[in-house]
Visitor: 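First, the structure itself, so that you have it in front of you.
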2 protein chains.
Amino acid sequence: MSAVIADNRRADLVRVAARLFRERGFDGTSTRDIADAVGMRSGSPFYHFRSKQELLAAVMEQGLVAGLPAAEAIVAGGLPPRDKFRALVRAHLETVLGEGQDFIPVLLYDWRRLTPALRARVQVLRDRYDQLWQDVVSELSAAGLLRSDSAVARLLLLGAVNYTVLWYQPGRGADLDQIAEEAVTMFLGSQP
Amino acid sequence: MSAVIADNRRADLVRVAARLFRERGFDGTSTRDIADAVGMRSGSPFYHFRSKQELLAAVMEQGLVAGLPAAEAIVAGGLPPRDKFRALVRAHLETVLGEGQDFIPVLLYDWRRLTPALRARVQVLRDRYDQLWQDVVSELSAAGLLRSDSAVARLLLLGAVNYTVLWYQPGRGADLDQIAEEAVTMFLGSQP
DNA sequence: CCTACCGATCGGTAGG
DNA sequence: CCTACCGATCGGTAGG
């Protein structure tokens, strides 16, 4: 019972930290801000996390762990390559731009704030994510739908999608479905 | 004479700040770090700049002012659309990834650290840069070389190129020419 | 541009 | 998880 409560408090910290880190950046958010937002005293976050950076890593890992199953299901599914690619792009946009999805934006914004040791730890999960993209890109390439299957092409593609976090505005301009469709058209052409 | 010396010191601050901001981020760099690196005392940067943020804005503006002429010359030149696009991408990669080019990466990394007033000021120069891309994209589209000329397509394209700042490593993997060629192939196809 | 300094804030800790 | 606290650092300033 008390363990459940403690876990909830820890989860509260991660969730609130994700929101504040996203809004103000890692350096722009104090551990006091986070403590206030969950109704703790200033020193109490350090009962749950050894350091501010451990909290940052927890935010990133939660985002990756939450996003991986959906992406893995899409990649393992039997959709035709073009549809699979669209579905993966759409799922990724939801993870990066969806309402209340603060975890992956924090990863994209503040990756460099992690210490080398923590970066290596989170990288393990990132690698699994990257591998899914590589699988789909290879599949597209094998089907003759992509102009290049080089590592550079994959990075350019992921960059285009990830960079949306800097310009997308909910309710203004294109929505997630339209952005996904536009990305598919740009990278694969308009005809199947 | 003394004005020249003062200008040099100011320029030193901007150049060194660009390097440190790029390496450690805006919040990860103290004004003392910058003062030390140019051989000043801790309070002296504030003789040249009213605030740390003014120095950040100066770094970004210097990067834009330095990069605009080359891009404008390319866009105004008479190259065929495909070659013009390749040249613009290549010039942009040089600005973002070239050796000693710390100014635009700082803009990409720490844009959000600017106060709203300073952001509006720097945005004027950014808009000129964005317009050049829009011109070239429209030209490509008019020539039937691009699959889409929507604003979203332009943003995806710029995102792919800008995001290289997060994965490009000099001397490892593709060089700038190869990345530019790969981008052209991905967005325009391999045949002219 | 330096000297000397200030108020504020910050991450983190000991002890309970 | 709170109380009470510390040492360090930071952006910025007055006066010269």
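Hydrogens, waters and symmetry mates play no part in the numbers below; they use all other heavy atoms, side chains included. Keep in mind that this is a model prediction, so the values were computed, not measured. Labels below follow one simple rule: chain letters A, B, ... track the order of the sequence lines, proteins then strands, and each chain is numbered from 1.
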Visitor: Rounded to whole angstroms, how far apart are CE on A/Met40 and P on D/dT3?
Guide: 13 Å

Visitor: Going through the checks in order, is the ring pair (Phe, Tyr, Trp, His ring centres under 6.0 Å) test met by B/Tyr109 and B/Phe21?
Guide: CA-CA 9 Å; B/Tyr109 278 131; B/Phe21 287 161; over 10 Å; no

Visitor: Over how many whole Å does the gap from B/Arg113 atom CZ to D/dG11 atom P extend?
Guide: 13 Å

Visitor: So, B/Arg22 side chain and B/Gln101 main chain: donor-acceptor pair closer than 3.5 Å or not?
Guide: yes

Visitor: For the pair made of CZ in A/Phe46 and C1' in C/dG15, what is the distance, rounded to whole Å?
Guide: 17 Å

Visitor: Find the distance B/Leu56:CG to D/dG11:P and express it as a whole number of Å.
Guide: 12 Å

Visitor: Please determine if B/Arg121 and B/Glu54 form a salt bridge, counting it only when a charged side-chain N lies under 4.0 Å from a carboxylate O.
Guide: yes

Visitor: Provide the Watson-Crick or G-U wobble partner of C/dC2, both distances under 3.5 Å; none if there is no partner.
Guide: D/dG15

Visitor: May I have the distance from A/Gln53 (atom CD) to C/dG12 (atom C1'), rounded to whole angstrom?
Guide: 13 Å

Visitor: How long is the line joining OH of A/Tyr47 and C1' of C/dT13, in whole Å?
Guide: 15 Å

Visitor: Taking the six-membered ring for Trp, are B/Phe85 and B/Phe187 parallel (under 30°), tilted (30 to 60°) or perpendicular (over 60°)?
Guide: perpendicular

Visitor: Indicate for each nucleotide in nucleotides 4-10 of chain D, in 5' to 3' sequence, whether protein heavy atoms under 4.0 Å reach the base (B), only the sugar-phosphate (S), or nothing (-).
Guide: -B----B

Visitor: Report yes if a side-chain nitrogen or oxygen of B/Arg50 is closer than 4.0 Å to either non-bridging phosphate oxygen (OP1 or OP2) of D/dG12; otherwise report no.
Guide: no

Visitor: To the nearest Å, give me how far apart CG (B/Leu20) and C1' (D/dG11) are.
Guide: 16 Å

Visitor: Would you mind reading off the distance between A/Arg9 atom CZ and D/dC2 atom P, rounded to a whole angstrom?
Guide: 7 Å

Visitor: Got a salt bridge between B/Asp102 and B/Arg15, using NZ or NE/NH1/NH2 to carboxylate O under 4.0 Å?
Guide: no

Visitor: Is the shortest side-chain N to carboxylate O distance from A/Arg90 to A/Glu181 below 4.0 Å?
Guide: no

Visitor: Are any of the side-chain nitrogens in A/Arg113 or B/Asp27 under 4.0 Å away from the carboxylate oxygens of its partner?
Guide: no

Visitor: For D/dC1, does either OP1 or OP2 sit under 4.0 Å from a side-chain N or O belonging to A/Arg41?
Guide: no

